[in-house]
Amino acid sequence: MLSEPRSGRLAAWGNALLAGLVPPDDAASAIVGEDAVHRVRGLPGESAPVGLTFALGRLRTLGVTGLRIALPAPGHPLGLSGPPEFNARALEAEEAVVCHGAAFGLVPEPHEAGPEGDVHVEVVWHCLPVREAPPADVPSLGEAERELAEALREATEVLSRLDVAGSGPVAEAAIDAYRARAERGREVLAPGYPPRAVRVLELAQRVGLLISVAYENGHGGAVSASEMAARAQALRPVERTSRRAQVAAYNSFVEQREIR
């Protein structure tokens, strides 16, 4: 979970581009990241997929002034506002970008291409209409930071008590290794974001990775059904809190511009 969601990169660098803080080619390169290419399908007036730089320019002319993200999960439409068709597609992808200033949303569809040994990822963003309404369940940066600190303390206590993989020195070493690999040569957020957003996103990613390490290392010492259930019960709200905080961090660019 330490790596950025594609919707996060699109929103962060798209916001920096819309604000005139980075040139189009730099924004597009940061959004694509390690993928091979990104295209956008369904833009008004375009019958075929278009390149990312062109698409961002077109969205600006359509009235888009900012980009928010959604990280929904079953039973938790985090960051979404409808309609049902868009929500369903975003839920399937587990992420989406929602435009501010014009009623459009973007959902990524990645797929692998190329011969064996030289496989790369191509991404098509589907542009769809959205409902203009407040996004669901998105906290402020201050709320997200407080929730993260509390959730991390509670989860660490429970996981340590259950002797679950992901709560001790081995997990810390794994987190540090993942962080070093993931952050080598990348910025946490694009230019223009407040320092608090960077701090919240870093903590949310760290919490998310703690959850991933706990799950990926099996059941650890939680060998009984009741202990396994207790672990799942401890991790579920923490994972939800991590997603809420990530959305708050990425969306803070739009939120701070609205209150100026």
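Position 1 is the first residue of the sequence; numbering continues from there.
Contact detail for Gly79 and Pro135: the closest heavy-atom pair is O-CB, 3.5 Å. Residues Pro194 and Leu141 come closest through the heavy atom pair CG-CD1, 4.3 Å. Considering every non-hydrogen atom in both Gly14 and Ile31, the closest pair reads N-CD1, 4.2 Å. Of all heavy-atom pairs between Val97 and Ser7, the closest is CG2-O, 3.5 Å. Considering every non-hydrogen atom in both Thr65 and Gly101, the closest pair reads OG1-CA, 4.1 Å. The shortest heavy-atom contact between Leu91 and Pro74 is CD1-N, 3.6 Å.
Arg146 has no carboxylate O lying under 4.0 Å from a charged side-chain N of Glu150, or vice versa, which leaves the two without a salt bridge.
The cluster map of Ile, Leu, Val, Met, Phe, Trp and Tyr, joined by side-chain heavy atoms under 4.5 Å apart, puts Val138 and Val198 in the same cluster. Hydrophobic clustering (side-chain heavy atoms under 4.5 Å, transitive across Ile, Leu, Val, Met, Phe, Trp, Tyr) groups Leu43 together with Val64. Phe253 and Leu201 fall within a single hydrophobic cluster, where Ile, Leu, Val, Met, Phe, Trp and Tyr side chains are chained together by heavy-atom contacts under 4.5 Å. Under a hydrophobic clustering in which Ile, Leu, Val, Met, Phe, Trp and Tyr are joined whenever their side-chain heavy atoms come within less than 4.5 Å, directly or via other members, Leu52 and Val124 fall into different clusters. Linking Ile, Leu, Val, Met, Phe, Trp and Tyr residues whenever their side-chain heavy atoms come within less than 4.5 Å leaves Val107 and Val50 in two separate clusters.
For the pair Pro44/Phe104, a side-chain contact is recorded, criterion being any heavy-atom separation below 4.5 Å from C-beta on. Taking 4.5 Å as the limit, some side-chain heavy atom of Gln205 sits within range of a side-chain heavy atom of Glu4. The closest side-chain heavy-atom distance from Arg6 to Val121 is below 4.5 Å. Inter-residue side-chain proximity for Tyr250 and Leu189 is flagged as met; some heavy-atom pair is nearer than 4.5 Å. Residues Arg243 and His76 have side chains in contact (heavy-atom distance under 4.5 Å, counting atoms from C-beta outward). For the pair Leu71 and Gln246, the minimum side-chain heavy-atom distance is below 4.5 Å. Side-chain atoms of Val130 and Cys99, non-hydrogen and from C-beta on, never get closer than 4.5 Å to each other. Trp13 is not listed as a side-chain neighbour of Ser29, based on a closest heavy-atom distance of 4.5 Å or more.
Asp35 contributes atom CG, which lies 5.5 Å from atom CZ of Arg9 (distance to the nearest 0.5 angstrom). One distance of note links CZ of Arg196 with CD of Gln256; it measures 12.5 Å at 0.5 Å rounding. The CZ atom of Arg39 lies 14.5 Å from the CH2 atom of Trp125; values are rounded to the nearest 0.5 Å. Note that OG of Ser81 is 7.0 Å distant from CG of Asn87, once rounded to the nearest 0.5 Å.
Judged by distance alone, with hydrogens and angles left aside, the side-chain atoms of Ser242 form no donor-acceptor pair with the main-chain N or O of Val238 at under 3.5 Å. At distances below 3.5 Å, not a single donor-acceptor pair connects side-chain atoms of Ser252 with backbone N or O atoms of Glu255. Remark: the backbone N or O of Ile69 is paired with a side-chain donor or acceptor of Asn251 at under 3.5 angstrom. No side-chain donor-acceptor contact under 3.5 Å links Thr241 to the backbone of Leu148. Counting only distance, with no hydrogens or angles, the side chain of Glu95 and the backbone of Pro72 share no donor-acceptor pair below 3.5 Å.
With sequence neighbours excluded, the residues satisfying side-chain hydrogen bond (donor to acceptor under 3.5 Å, both in side chains) with Glu109 are His126. Arg244 pairs by the salt bridge (charged side-chain N to carboxylate O under 4.0 Å, His left out) definition with Asp137, Glu147, not counting sequence neighbours.
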(request) For the pair Asn15 and Tyr193, evaluate side-chain hydrogen bond (donor to acceptor under 3.5 Å, both in side chains) and give the outcome as yes or no after the intermediate values. (result) CA-CA 9 Å; Asn15 281 328; Tyr193 276 84; 3.2 Å; yes
(request) Apply side chain to side chain contact (heavy atoms under 4.5 Å, CB included) to Thr53 and Asp25, showing your working. (result) CA-CA 7 Å; Thr53 303; Asp25 288 345; 4.3 Å; yes
(request) Step by step, work out the side chain to side chain contact (heavy atoms under 4.5 Å, CB included) result for Leu18 and Leu67. (result) CA-CA 9 Å; Leu18 291 169; Leu67 302 170; 4.3 Å; yes
(message) Does Arg89 form a salt bridge (Lys or Arg N to Asp or Glu O under 4.0 Å) with Glu85? I'd like the steps, not just the answer.
(response) CA-CA 6 Å; Arg89 192 151 200 165; Glu85 295 80 4; over 6 Å; no
(message) Show, in sequence, the C-alpha distance, side-chain angles and deciding distance for Leu56 and Leu10, and conclude whether the side chain to side chain contact (heavy atoms under 4.5 Å, CB included) test is met.
(response) CA-CA 10 Å; Leu56 289 169; Leu10 176 57; 4.1 Å; yes
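Applying the salt bridge (Lys or Arg N to Asp or Glu O under 4.0 Å) test to residues at least two apart or on different chains, the pairs with a partner in residues 45-64 are Glu46-Arg58.
Other residues, nucleotides and ligands place more than 12 heavy atoms under 6.0 Å from the CZ atom of Arg199. At most 12 heavy atoms of other shown residues, nucleotides or ligands fall within 6.0 angstrom of atom CD in Glu94.
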